[in-house]
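Here the structure comes first, spelled out in structure tokens, and everything after it is commentary.
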Protein chains: 2
Amino acid sequence: MNAPMSIQSCGNCGLASMCLPLALTQPEMTQLDGIIKKSTPYRRGESIFRQGDAFTSIYAVRAGMVKTTLVNARGEEQITGFYFPGELLGLNGLHENIYAGTAIALETVSLCEIPYTKLDELSALLPELRRQLMRQMSQEISDEQNMMLVLAKTSAEEKLGNFLIRLSHRFKRLGFSATQFRLTMSRVDIGNYLGLAVETVSRTLTKLQQRGVIKVEGKEVTILDMSGLSCLNGTCEEPAKVLSVG
Amino acid sequence: MNAPMSIQSCGNCGLASMCLPLALTQPEMTQLDGIIKKSTPYRRGESIFRQGDAFTSIYAVRAGMVKTTLVNARGEEQITGFYFPGELLGLNGLHENIYAGTAIALETVSLCEIPYTKLDELSALLPELRRQLMRQMSQEISDEQNMMLVLAKTSAEEKLGNFLIRLSHRFKRLGFSATQFRLTMSRVDIGNYLGLAVETVSRTLTKLQQRGVIKVEGKEVTILDMSGLSCLNGTCEEPAKVLSVG
DNA sequence: GGTAAACATTGATTTAGATCAACAATTGGA
DNA sequence: TCCAATTGTTGATCTAAATCAATGTTTACC
């Protein structure tokens, strides 16, 4: 090992999180090309894989946003996540060789496809990769446990506050503005994800806007008072309690 | 490779799911002993690790039941899972080397402790282990996504039906009765986990009992009509709709 | 560029489950 | 074996958010 290990963007798929070319040699790079496939872009509404399909590959999002959904026996459908460039899809297919959910493009989406059968080969090539994969799964477990908390314990306002803040973080990480971004998903999708009716999503966004915390213009959102939002989220110091005196 | 690979119970910790002694040689077994630690039992209420602690080990439950919880900045606490013998704790500590939740013994609990630093060593010894670990994480992701669906989309009755059925499956897998078992956790814990008030848990159990679907005697539960419960869960065929005629 | 479909907002009404309150049943320690 | 503490049940009331309903707005496709 010559250079200090660093996680950087991969030329092949443009991803910081998935691809870890730790000063790869040229032949190694060439090998990589043969393993990671660039698949043709998916269009809005197209599914990348469907619940119950044979598990063949995991996917790293290159560009565009993806949602994943889970349907139960009674036909109720839950959006289980929104995936941004740099994030991995299909991690929960490993335990029974079947995709445990459906992934759908919310806009035009590019992906890196990593065939599961090649994962060992790839890991041998990039020893750090498997560990990185474990970290990502670990992260996903944490995120979903946090989501359980949000779904079970918080009000509509807190849910939306939390949602917007997490979106903000992810846009920031991608190098975009943390305070002004576009909601790629519909209000229905937001409601479904947060366990709220569409009408409640609408009303709550309006309420937050009236309070001056955010500005909403259709799908465009501006966060005007980040700490105001954070407070909803509980991630800021409790504002000094104003006790009514005498 | 001589014998066909099979996942069987590990003499060291009695676990089918975690330990994979694929016809190990004696020296290998000896090595294992040095890596997997049997820790002293934890008593009811004791914590195995706490949210924010430095991540050192993952744990496999040998005996007894464990709950894990997550606390957010505002102090709201959510039970994120109940862990049975054979299941793994601490899988979501990997991504930032900090435990992302707290694990608490619900009764006297025995564990196998697997120091994270030994995981590579162990994986080299048992090549199947790392894959098994990935499968377990994958399973946990799926379980939590299912939980998101339950929390966001189902009624109190459905939540409890789903809860009891999942408990039933796990007792069955452990070789115990699938229709009669003890609720190790309190009603408060059940409510917290399912996003319900205690009172609602109590009332709903009573209602299910009155309907003859279950029998409840304190912590002892008997499932009298499994398909009745499954219907709540949506995992059975829709019962023929009785249309009122004329 | 027009029109149907999909998506979003706002208001009125209903409801499932939370909260408040009182009491009963277990549990565990002296 | 008793008593305090914890845990569980049941009833009455309240409320946040769902549902129902009507209308406005954007999108995408002939």
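All chains are named by letter (A, B, ...) in the order of the sequence lines, taking the proteins before the strands, and each is independently numbered beginning at 1.
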Result for side-chain contact (heavy atoms from CB on, under 4.5 Å) between B/I190 and one of B/L196, B/L160, B/I79 points to B/L160
For [X] and [N], give me the distance from atom [atom1] to atom [atom2], rounded to whole Å.
X: B/E220; N: C/dT26; atom1: CD; atom2: P; value: 13 Å
X: B/K159; N: C/dA16; atom1: NZ; atom2: C1'; value: 10 Å
X: B/E158; N: C/dA16; atom1: CD; atom2: C1'; value: 12 Å
X: B/L183; N: C/dT26; atom1: CG; atom2: P; value: 15 Å
X: B/Q210; N: D/dT10; atom1: CD; atom2: C1'; value: 11 Å
X: A/K153; N: D/dA17; atom1: NZ; atom2: C1'; value: 18 Å
X: A/E157; N: D/dT15; atom1: CD; atom2: C1'; value: 15 Å
X: A/L160; N: C/dA8; atom1: CG; atom2: P; value: 13 Å

Spell out protein contact along nucleotides 18-30 of chain D as letters: B when the base is contacted, S when just the sugar-phosphate is, - when no protein heavy atom is under 4.0 Å; keep the 5' to 3' order. SBB----------
Degree of bending, the helix from C/dG1-D/dC30 to C/dA30-D/dT1 (end axes from five pairs; round to 10°): 60°
Run B/F82 and B/L167 through side-chain contact (heavy atoms from CB on, under 4.5 Å) and show every step you take. CA-CA 9 Å; B/F82 297 107; B/L167 280 188; 5.7 Å; no
For the residue pair B/M137 and A/I141, what are the closest heavy atoms and their distance? O-CD1, 4.0 Å
Restricting to non-hydrogen atoms, name the atom on B/M185 and the atom on B/K219 that form the minimum distance, rounded to 0.1 Å. O-NZ, 3.2 Å
Check: B/F171 ring centre within less than 6.0 Å of B/F84 ring centre: yes
When you check the gap from the basic side-chain N to the acidic O, do [X] and [Y] get nearer than 4.0 Å?
X: B/R182; Y: B/E107; result: no
X: A/R44; Y: A/E46; result: no
X: B/R203; Y: B/E157; result: no

A/S186 vs C/dA6: side-chain N/O to OP1/OP2 distance below 4.0 Å: no
Run the ring pair (Phe, Tyr, Trp, His ring centres under 6.0 Å) test against A/Y42 and tell me which residues pass, sequence neighbours left out. none
Contact class for B/S202 (heavy atom, under 4.0 Å): base, sugar-phosphate, or nothing? base
